[in-house]
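All remarks here apply to the structure that follows.
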Amino acid sequence: MFDDPVPGGRPGEVEHATRQAEELAARGVHGVVLSWVDTAGVNRVKAVPVGGLASAVAWGVGMSPVFDTFLADDSLTSSEHLGGPDGDLRLVPDLYRLTVLAAQPGWAWAPVDRMTQDGAPWVACSRSLLRRLVRRAAAEGVTYRAAIEIEFALGRGDAPPGEFVPACDGPAYGMTRLVEQSDFCAAVLSALASQGVDVDQIHPEYAAGQYEISVGALDPVAAADRSVLVRATVRALAQRHGLRVSFSPAVVAGGVGNGGHVHLSSWLGGVNVHAGGSGPYGMTAAAESFVAGLVAGLPPLAAVTAPSPASYLRWQPSHWAGVFACWGHETRETAVRVVTGMVGSRNRAANVEVKCADLAANPYLLLAGLIGAGRDGVASGAALGPEVTGDPVRFDDAGLAEHGVRRLPSGLAEAVREFETSPLTKALYGEVLAGAIIAVRRAELARTAGWSPERVAEAYRWVY
Ligand code: GLU
Ligand code: MG
């Protein structure tokens with residue numbers, strides 16, 4: 001991973017890039033995709049021929065900062081600090097994450113940091129922001145491991161425009177469903193293995209046409225990169241199999257959606273704080289405060305964890321989307337699920353799963369938000385509220401208050417209000433990026449005002 005920018009290019013990296021480009025060319029790679037994710041959660045790219053890799057590493061590739069205030073439908077808005085036609089940034093590929101794409105012959109892929117022409121990290125670069133946060137923690141001996149689960153719905157590629165026709169009919173978790181997309185699922189496993197992605201599981205999920213891939217945990221920046229890479233791979237393979245894939249939180253209105261559940265663990269001096277403690281389910285005091293911080297941070301972070309108007313079609317109680325800000329042990333209706341893992345594996349496996357997040361979220365902003373909220377809890381020694389068992393939907397207002405439970409925002413407008421008034425989000429993202437997040441969410445709201453759930457689902461179905 002890059003050190004901070006070096007004025008005059010990156011001599012050490014350039015040598016590495018030159019060698020890597022030669023190896024890539026020998027493997028039949030012609031182009032390198034330079035990939036980042038915008039504020040709206042859309043993966044945007046530029047690409048260079050493989051011979052241009054060293055130059056891209058030394059000097060970056062030009063790109064307008066206007067994407068910081070792009071909407072999911074490619075229209076633009078602006079915030080107090082960002083938007084408009086002026087300025088240029090440099091996209092600088094991270095060579096250590098460069099991956100030859102198994103499902104797109106001739107192509108390699110690398111996530112980028114966005115930098116100014118003066119060589120400083122761009123104020124709205126979400127990847128740099130997450131890396132700064134992780135490095136600050138590491139200097140205090142605290143590290144994190146993260147993994148983002150990928151749920152997606154497979155549709156038939158030959159469906160009429162505007163329609164989603166599931167590419168399988170079998171039941172949830174059914175062998176029939178796996179048989180129906182057997183070649184596709186095997187191709188996904190093969191491609192991800194050749195790209196160095198360790199897959200934990202692939203399985204048919206609950207909703208129509210839905211499947212899920214879970215992957216191994218990594219350092220948070222790498223985990224966010226991986227979430228982008230896995231989706232690009234699945235998308236490319238779907239196309240090659242005559243299918244179309246949707247990662248949208250709500251593929252159709254009124255059903256179970258696609259989640260992007262986040263597994264997160266916090267380690268002190270290399271030891272997992274979520275196991276071996278004297279608190280509930282083996283949590284140490286640090287883990288309890290981390291979870292308390294997470295639970296408290298989820299309402300103001302809704303505009304990041306569930307950033308799309310489509311996210312709120314998914315955020316329904318009793319849909320396994322975790323719409324109540326509280327925690328439970330292996331509970332699938334609490335936003336935070338404490339996972340201990342199997343006896344004997346707990347010092348490695350124990351973690352927390354944040355269920356409310358979806359795949360419209362920019363994964364860098366998402367992990368920065370969740371880690372920041374947890375860190376806040378640890379810094380203030382926050383006390384963990386009571387465990388919730390069962391579905392919190394049964395609580396009336398008094399029950400919610402008694403258990404210290406909050407329903408997460410029921411719409412994007414409420415989410416933006418919570419985000420705007422929260423000291424946590426301002427401190428985490430800084431004024432400029434927070435302003436862009438607010439502006440983009442407000443513009444998505446204005447665009448979809450008065451739309452039916454069906455129209456919202458259709459508009460965002462293929463975007464993320
Ligand atoms: N599809 C559900 C969601 O929207 C999650 C199902 C599960 O627990 O894996 O998050
Ligand atoms: Mg699932």
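Everything numeric in this text was worked out from a predicted model, so none of it was measured. Remember, it's 1-based here, ligands and their atoms both numbered in the order they're listed.
- Of all protein N/O/S atoms, those lying under 2.8 Å from the Mg ion (ligand 2) come to 3.
- Classified by interplanar angle (parallel below 30°, tilted 30° to 60°, perpendicular above 60°), the ring pair Tyr312/Trp315 is perpendicular.
- Ring geometry for Phe184 versus His241: interplanar angle over 60°, hence perpendicular rather than tilted (30 to 60°).
- Under a cut-off of 6.0 angstrom, the local environment of CZ in Arg407 is crowded, with over 12 non-hydrogen atoms contributed by other residues, nucleotides or ligands.
- Of the listed residues (Glu333, Arg337, Arg314), the one carrying the non-hydrogen atom nearest atom 10 (O) of ligand 1 is Arg314.
- Note: His403 and Phe395 meet the aromatic proximity criterion, with ring centroids under 6.0 Å apart.
- Closest to atom 6 (C) of ligand 1 among all protein heavy atoms lies Glu151 OE2, 3.4 Å.
- Counting atoms of ligand 1 from 1 in the listed order, those under 4.0 Å from a heavy atom of Val256 are 1 (N).
- Within the structure, the closest approach of Glu205 to ligand 1 falls below 4.0 Å when heavy atoms are considered.
- Paired with Val256 under the rule side chain to side chain contact (heavy atoms under 4.5 Å, CB included), one option of Glu151, Glu205, His319 passes, and it is His319.
- Using the six-membered ring where Trp is involved, Tyr211 and Phe152 have ring planes that are parallel, under 30° apart on the 30 and 60° scheme.
- Of all the atoms in ligand 1, the ones that sit under 4.0 Å from a non-hydrogen atom of His261 are 3 (C), 5 (C), 7 (C), 8 (O), 9 (O), 10 (O).
- None of Arg132, Arg97, Arg131 except one satisfies the salt bridge (Lys or Arg N to Asp or Glu O under 4.0 Å) rule with Asp113; the exception is Arg131.
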Could you pull out all donor-acceptor pairs under 3.5 Å where a side-chain atom in residues 190-197 meets a protein atom, sequence neighbours excluded?
| residue | atom | partner | partner atom | Å |
| --- | --- | --- | --- | --- |
| Ser194 | OG | Ala191 | O | 3.1 |
| Gln195 | OE1 | Ala102 | N | 2.9 |
| Gln195 | NE2 | Thr233 | OG1 | 3.0 |

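- Some N or O of Lys355 is nearer than 3.5 Å to an N or O of ligand 1, by distance alone.
- On a distance-only criterion, Gly257 and ligand 1 share at least one N/O pair closer than 3.5 Å.
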For Arg406 and Phe324, what are the C-alpha separation, side-chain angles and deciding distance, and is it a side chain to side chain contact (heavy atoms under 4.5 Å, CB included)?
-> CA-CA 6 Å; Arg406 279 202 50 198; Phe324 291 94; over 6 Å; no
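- Of all the atoms in ligand 1, the ones that sit under 4.0 Å from a non-hydrogen atom of Glu212 are 9 (O).
- Salt bridge Asp169/Arg177: absent, no basic N to carboxylate O contact under 4.0 Å.
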